[in-house]
Amino acid sequence: MSLYDPAKTEPKWQAAWDEAGTFKATMTGDKPKYYVLEMFPYPSGRIHIGHVRNYTMGDVIARYKLATGHNVLHPMGFDAFGMPAENAAMAIGGHPKTWTYENIDTMVGQMKPLGFGLDWSRMFATCDPEYYGQQQALFIDFLAKDLVYRKNAVVNWDPVDMTVLANEQVIDGKGWRSGAEVERRELTQWFFKISDYSEELLDALDTLENWPAKVRLMQENWIGKSRGLEFGFERVDGEEPITVYTTRPDTLMGASFVGISPDHPIAKKLEAENPEIAAEIAEMRKGGTTAEALEKAEKRGVDTGIRTKHPLDSNWELPVWIANFILMDYGTGAIFGCPAHDQRDYEFASKYELPIVPVFGEEEITEAFVPAKTEKVTFLRGFAGATEQTGDEAVDAAIAAAERDGWGSGVTKFRLRDWGLSRQRYWGCPIPVVHCDDCGVVPEKKENLPIELPDDVTLDIPGNPLDRHPTWRDCACPSCGKPAQRETDTMDTFVDSSWYFARFTAPDAKTPTDMEAASYWMNVDQYIGGIEHAILHLLYSRFFARAMNITGHLPDSAREPFHALFTQGMVTHAIYMTTGEDGRPVYHYPEDVELRDGGGFLKDGTQVKIIPSAKMSKSKNNVVDPVEIIKAFGADTARWFVLSDSPPERDVEWTASGAEAASKHLNRVWMLCDKIGKMPADYAGRDNEELMREMHKAIHDVTMAIDSFGFNAAIAKLYGFASTIAKSDAGTNEKKLAIKTLAQLMSPMTPHLAEDIWAHQGGEGLIANAPWPVADEKLMVEDSVTLPIQINGKRRGEMKVPRDMPKDEVEKAALAHEAVVKALDGGQPKKLIVVPGRIVNVVV
RNA sequence: GCCCGCGUGGUGGAAUGGUAGACACAGGAGACUUAAAAUCUCCAGGCUUAAUAGGCCGUGCCGGUUCGAGUCCGGCCGCGGGUACCA
């Protein structure tokens with residue numbers, strides 16, 4: 001008996017696919033096209049098991065679509081700019097570029113043996129000058145169409161290292177290297193005008209029928225359309241009124257104070273004039289910029305001394321406070337505080353002993369009362385609408401009243417902010433503009449692109465090396481030719497990943513895209529990636545597709561670039577952590593940790609802290625390298641194993657237990673094939689009809705499962721079908737057909753083994769190109785079904801009846817069933833429910 | 001804090017509102033073998049019972065809708081993702 005040897009067969013079939021150009025994407029013939037894309041990886045060093053899972057899913061779809069007669073585009077590349085390369089250069093020396101390209105080589109070397117059906121000829125990395133040069137061209141075109149502009153925005157500022165920090169580099173409000181308390185500081189930065197598209201990006205979500213509902217909901221909430229009232233608080237001192245925006249104008253009679261952001265113009269003016277307020281604002285500016293940090297920070301405020309008049313009662317004066325929880329970039333940067341019906345206002349008012357006056361509900365209040373706006377409440381101090389009304393009705397009535405009396409107007413606002421793309425970092429795409437003393441900010445000429453990053457930089461001291469490079473900044477003004485200076489900010493890496501899918505359609509084009517290729521291949525028919533990208537990456541890409549359409553780089557039909565989206569779950573693993581001498585966490589690889597006595601220990605006996613179940617991430621070292629499984633069992637086993645058991649959309653805690661069993665099963669299938677190959681050609685068998693029925697059921701079920709991303713379900717069916725073939729006493733012809741069909745159904749998951757079986761059974765050509773089998777529904781039908789019998793909803797028996805037995809006969813048969821007779825005890829059933837082919841329920 | 005998910009045997013998980021636990025892993029028993037490996041067969045949610053039959057309980061917790069709820073609704077608890085400079 002010959003054993004299946006993946007180490008020999010897998011490279012053989014990979015070479016055969018290469019030679020036949022099986023996965024090279026072409027636009028030829030009249031076949032329909034299919035573009036399947038998995039989110040490209042960051043080249044962190046080595047691939048981990050999460051990558052294997054993700055790319056195997058995409059490959060199953062790609063191979064299945066190839067077999068169902070499509071021109072398939074299935075490319076791969078690398079999202080290669082970003083902080084980890086700089087961090088590596090700081091930590092271990094070397095150059096980000098070297099580190100990145102070496103990682104890419106390693107990862108490609110690990111991916112190729114997995115046998116993915118990828119068109120490798122289209123591969124690129126976003127740090128290739130050929131790619132980012134085209135990205136610079138896009139930026140210049142966006143600039144010309146007013147899709148990019150400059151404004152001030154806050155960043156995390158490390159006052160010791162004198163550098164901007166990423167949110168990830170701020171730990172508990174302190175800089176990760178210096179340990180200094182981080183401050184929020186304003187810088188002039190570049191922004192994409194994504195907020196101009198808020199309404200369109202929101203409305204178009206309804207057209208994305210093949211996206212998960214949860215992703216659409218998350219984007220809807222992120223865009224955050226709201227209707228509210230904008231109005232001015234007149235100042236007692238007669239200065240310009242303070243304009244506020246509120247989504248709860250119906251609570252205006254519960255107003256307790258007017259709050260403004262520390263970044264509000266009034267606050268800034270006071271900061272410059274009044275040292276006490278300046279000191280207080282300096283305190284408020286401490287800490288990082290994340291929404292989480294701002295929301296969780298203790299409420300803090302300072303009375304400006306300014307007094308305003310309540311719009312409904314000019315004798316009612318309200319104080320103006322600067323409050324740390326009010327954001328300048330949402331609404332107008334100013335609010336009125338209604339502590340009775342807003343949790344944050346309640347905390348603030350309690351702390352500073354400001355009045356808390358309920359508008360609806362009960363007079364006595366011990367916490368903020370915030371019912372859903374759809375709920376009906378009784379108003380104690382309403383000023384518009386009925387006494388009893390829902391929040392929504394009250395808001396509408398309040399806006400109508402304000403508009404009627406002319407002191408405010410209803411407005412629609414969005415939470416979505418413009419996309420800040422400036423990064424004060426080296427390893428990113430240079431922003432192609434020049435600062436000229438005479439001409440101002442001028443875009444670079446396209447013929448000068450790409451503006452390449454200089455190689456001769458050092459990252460041993462904090463800050464952006466482009467700023468301190470002796471010559472790189474110096475250039476001629478593209479407009480007047482006088483000496484000028486380059487922009488030293490680089491682009492957010494989200495820019496790189498917002499159009500790579502379009503570039504894959506023509507990766508060598510001398511313009512960002514080639515319209516013919518883009519029109520043929522776009523949109524991505526099936527996009528696959530992690531749920532962690534549900535908002536930012538996918539929203540930015542949707543914006544970019546629109547911007548690229550406006551600038552003539554994508555057809556109208558590609559404004560929504562991803563036809564269908566599947567979000568796979570993450571592979572998680574415990575994090576093993578110790579604390580370094582400097583007090584900062586040190587993360588250890590799973591293979592360096594031994595688990596015993598309910599704890600984890602390093603080789604030197606040090607106990608590690610175990611943080612259970614977190615997303616595999618290079619920065620936490622909780623990654624598992626698939627190389628051991630591939631070495632021990634081959635690519636097919638790894639592919640089969642990562643798809644089996646867990647539903648693809650669910651997170652899965654990694655464990656290798658079961659990999660060996662998966663390998664054994666594949667071997668069993670091979671031996672079954674070998675055995676069938678040795679059957680006498682004329683053996684007639686007995687179970688032919690039954691085997692053919694099971695085969696057609698398997699074709700049907702597996703096809704359905706693949707179509708709906710139920711890979712684990714497909715694999716469960718394939719286990720069953722393999723076992724059916726093994727046990728069946730069918731004839732040689734039937735068995736050969738069955739094993740070839742099994743191989744075809746397995747081929748998207750275990751392509752090498754499938755090719756081998758196909759060849760062994762004399763299949764024509766490559767199984768990768770063989771047409772997908774089609775189930776004959778007529779051959780799937782069984783004549784009888786087993787109906788469970790319930791009494792009062794609990795299963796008490798079952799009966800076997802002909803599939804097409806009429807309902808009244810089923811009823812009769814059920815009533816004659818011994819369990820029913822016993823339960824009725826001579827009486828009549830209260831109700832009898834018969835669901836044909838499913839169930840009988842007798843209510844007694 | 002806010003937004004979005006998820007929660008089923010020892011484990012991964014299955015189940016168009018219709019027999020909860022398919023299919024696997026780990027485990028147990030057996031067959032084959034001098035032995036081991038490999039392979040094959042069988043058992044297996046919990047409690048009750050000598051065992052079987054039967055009965056009771058059971059899909060994070062509490063409540064609701066329904067002839068019938070893992071599935072739908074409301075409230076809680078726990079875990080995960082995102083939170084605009086990690087990618």
Side-chain angles (χ1 to χ4, degrees), chain A residues 1 3 39 41-42 44 79 81-84 87 155-156 164-170 189 194 212-215 217-222 224 288-297 325 329 343-344 415-425 492-494 496-497 530-537 539-540 567 569-570 572 612-615 617-619 644-647 649-653 655 657-662 664-665 667-668 671 710 712-713 715-720 723 726 786-790 792-798 830-833 835 838-843:
Chain A
M1 193 174 293
L3 267 178
M39 291 179 186
Y42 179 79
S44 52
D79 188 13
F81 275 134
M83 285 201 318
N87 294 342
V155 293
N156 302 303
V164 176
L165 298 180
N167 287 335
E168 193 187 46
Q169 297 170 318
V170 179
Q189 314 212 57
I194 188 172
K214 64 179 170 188
V215 175
L217 187 56
M218 278 189 260
Q219 292 212 353
E220 182 183 329
N221 290 336
W222 185 261
T289 58
T290 65
E292 188 188 4
L294 296 173
E295 289 275 354
K296 283 188 173 167
F325 60 92
D329 20 314
Q343 186 56 42
R344 291 174 304 181
R415 206 186 74 99
L416 180 65
R417 308 198 299 252
D418 278 333
W419 169 12
L421 69 117
S422 299
R423 297 292 180 271
Q424 295 71 43
R425 267 187 266 289
D492 177 10
T493 56
F494 273 123
D496 311 337
S497 56
I531 186 65
E532 68 269 29
H533 294 295
I535 296 174
L536 294 180
H537 163 63
L539 194 61
Y540 290 159
T567 54
M570 285 171 302
T572 62
S613 226
K615 145 173 112 162
S617 159
K618 190 72 197 333
S619 63
S644 59
D645 293 354
S646 280
E649 69 277 10
R650 202 182 294 188
D651 292 347
V652 52
E653 175 72 15
T655 162
S657 90
E660 188 183 354
K664 281 182 187 173
H665 175 74
N667 246 305
R668 257 197 306 275
M671 285 189 290
N712 56 325
I715 283 178
K717 299 284 177 200
L718 288 166
Y719 266 108
S723 148
T786 303
L787 281 189
I789 297 173
Q790 293 184 331
N792 294 336
K794 288 191 187 233
R795 196 186 81 97
R796 284 299 126 98
E798 59 180 38
K830 228 191 229 167
K831 202 168 181 181
L832 188 58
I833 292 139
V835 183
R838 304 290 308 184
I839 205 164
V840 179
N841 190 11
V842 187
V843 185

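Protein chains get the first letters and strands the later ones, always in sequence-line order, with residue 1 at the start of each.
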Original post:
Less than 4.5 Å apart, any side-chain heavy atom of A:W222 and any of A:R415?
Top reply: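 Side chain of A:W222 against side chain of A:R415, heavy atoms only: contact under 4.5 Å found.
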Subject >> Contact check, side chains of A:M218 and A:N221, non-hydrogen atoms, under 4.5 Å >> reply: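 The answer is no, as the side chains (C-beta and beyond) never meet within the 4.5 Å cut-off.
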Original post:
For A:L165 and A:V155, what are the C-alpha separation, side-chain angles and deciding distance, and is it a side-chain contact (heavy atoms from CB on, under 4.5 Å)?
Top reply: CA-CA 7 Å; A:L165 298 180; A:V155 293; over 6 Å; no
Original post:
Between A:V652 and A:R417, who's closer to the 5' end of RNA chain B by nearest nucleotide?
Top reply: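 Its nucleotide being nearer the 5' end, the pick is A:V652.
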Original post:
Between A:K831 and A:K717, which has a closest nucleotide on RNA chain B that is more 5'?
Top reply: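 Its nucleotide being nearer the 5' end, the pick is A:K717.
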Tell me what [X] touches on the nucleic acid: a base, only sugar-phosphate, or nothing, going by heavy atoms under 4.0 Å.
X: A:S646; answer: sugar-phosphate
X: A:Q189; answer: base
X: A:V835; answer: base
X: A:S497; answer: nothing
X: A:P647; answer: sugar-phosphate
X: A:K214; answer: sugar-phosphate
X: A:K794; answer: sugar-phosphate
X: A:A534; answer: nothing
X: A:L217; answer: sugar-phosphate

Under 4.0 Å: is that the gap between some side-chain N or O of [X] and OP1 or OP2 of [N]?
X: A:R423; N: B:rC85; value: yes
X: A:N712; N: B:rA14; value: yes
X: A:N167; N: B:rA84; value: yes

Subject >> Atom C1', compared across B:rU19 and B:rG45: separation rounded to whole Å >> reply: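 Result for the C1' pair: 16 Å, nearest Å.
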**OP:** Rounded to whole angstrom, note down the C1' distance from B:rC73 over to B:rG80.
**Re:**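 Result for the C1' pair: 24 Å, nearest Å.
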